[in-house]
Engineer: 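Before I ask anything, here is the structure I am working with.
Bear in mind that the values here come from a model prediction, so they are computed numbers and not experimental data. Just so you know, ligand 1 is whichever comes first in the structure, and atom 1 is the first atom listed for that ligand.
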Amino acid sequence: MGSEYILDTAVVRAFVADIRTAIAAAPSPEAACEAIRPRFAELLADPDWLPAGYQADAPESGMGGGIGQWLLYHAEDGSLSLFSLVVPSGSQTPIHDHLAWGLVGLYRGSQDEEIYAERDDGLELSERRSLERGDFYALLPPRDDIHRVRTTSAETSVSIHLLTNDTGCVWRHAYDAESGEARPFRSGYVNAPCDDG
Ligand SMILES: [Fe+2]
């Protein structure tokens, strides 16, 4: 793997250092999410740290619809990643899971999110919520781990993901909206290869 810091700035380094310290000291994922909330809110509220290139549509990405994941940081051991998810106006992601806990929050634009529960006969829509700039939530699988997001603003939406795996490079799942059938899914990153190509 190359450098851990793709966006190598003092702000990102300080953020990651604080987050890693807090996670190491927390007795559980729930406690860790609580502990890192203020620091994550601070990052979402800072208008200056994320260059425009990491907020740009990604027409060539494998996710379709101009949707892209821009990697900012990932730990060498795969235990943490920070990335921006860019979803152009009107586009929506496939229904997908993450397989890791962490925080996800909106940095620009607005999104509708649909959360699904797995049932024996497929997926059931369990919650729908709207997110505006600065809103964020904790993902604590298996609870609320399956969702899709759609941009509702006229401008592209950008959400910041801090998750405890190398989300773009792990094999996870995308789901057929009608049948609920899962298929292997690896999103990749627009700006960084995964180890095995
Ligand atoms: Fe997601």
Side-chain angles (χ1 to χ4, degrees), residues 19 29 32-33 36-37 40-41 43-44 50 54-58 61-75 78-118 122-153 156-177 180-192 194:
I19 295 301
C33 286
I36 64 183
R37 286 177 69 94
F40 193 71
L43 191 72
L44 287 182
L50 189 65
Y54 295 89
Q55 304 181 44
D57 298 358
S61 98
M63 292 184 78
I67 299 170
Q69 284 181 215
W70 294 92
L71 182 63
L72 307 172
Y73 160 85
H74 56 173
S79 65
L80 190 66
S81 61
L82 178 69
F83 60 91
S84 59
L85 174 74
V86 172
V87 182
S89 183
S91 283
Q92 72 176 356
T93 66
I95 301 174
H96 62 273
D97 61 11
H98 310 84
L99 306 178
W101 58 267
L103 298 179
V104 181
L106 212 60
Y107 189 66
R108 194 177 116 195
S110 54
Q111 291 178 350
D112 272 358
E113 185 195 12
E114 290 178 341
I115 300 139
Y116 294 84
E118 259 184 317
L123 293 178
E124 184 180 85
L125 179 65
S126 59
E127 197 185 334
R128 193 175 262 139
R129 55 193 174 197
S130 299
L131 296 169
E132 303 292 337
R133 176 160 191 183
D135 292 342
F136 65 96
Y137 55 89
L139 274 180
L140 289 159
R143 203 193 69 206
D144 294 352
D145 193 36
I146 302 173
H147 75 168
R148 74 172 156 196
V149 299
R150 181 170 62 89
T151 294
T152 52
S153 49
T156 291
S157 73
V158 178
S159 51
I160 304 299
H161 295 237
L162 177 72
L163 292 171
T164 51
N165 65 0
D166 198 356
T167 311
C169 289
V170 299
W171 282 98
R172 42 198 173 116
H173 306 94
Y175 298 83
D176 183 87
E181 196 176 320
R183 64 175 168 87
F185 169 64
R186 185 163 76 162
S187 56
Y189 296 111
V190 183
N191 58 333
C194 294

Engineer: For Glu181, is the CD atom crowded, meaning more than 12 foreign heavy atoms sit under 6.0 Å from it?
Structural biologist: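 At most 12 heavy atoms, drawn from other residues, nucleotides or ligands, come within 6.0 Å of this atom.
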Engineer: What protein atoms of element N, O or S are positioned under 2.8 Å from the Fe ion (ligand 1)?
Structural biologist: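 You should have found His96 NE2, His98 NE2, His147 NE2.
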Engineer: Is the cationic atom of Arg183 (NZ for Lys, CZ for Arg) positioned less than 6.0 Å from the six-membered ring centroid of Tyr175 and within 45 degrees of its normal?
Structural biologist: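 No, Arg183 does not sit over the ring of Tyr175.
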Engineer: Check this for me: does any side-chain nitrogen of one of Arg172 and Asp97 sit under 4.0 Å from a carboxylate oxygen of the other?
Structural biologist: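 Salt bridge absent between Arg172 and Asp97.
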Engineer: Looking just at side-chain N and O atoms, do Tyr107 and Gln55 make a donor-acceptor pair shorter than 3.5 Å?
Structural biologist: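 No, no side-chain donor-acceptor contact under 3.5 Å.
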Engineer: Where the side chain of Arg133 meets the backbone of Arg108, is there a donor-acceptor pair that is under 3.5 Å apart?
Structural biologist: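 No, the answer is negative, given that no donor and acceptor are paired below the 3.5 Å cut-off.
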Engineer: State yes or no: are the ring centers of His96 and His147 separated by less than 6.0 Å?
Structural biologist: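 Ring centres of His147 and His96 closer than 6.0 Å.
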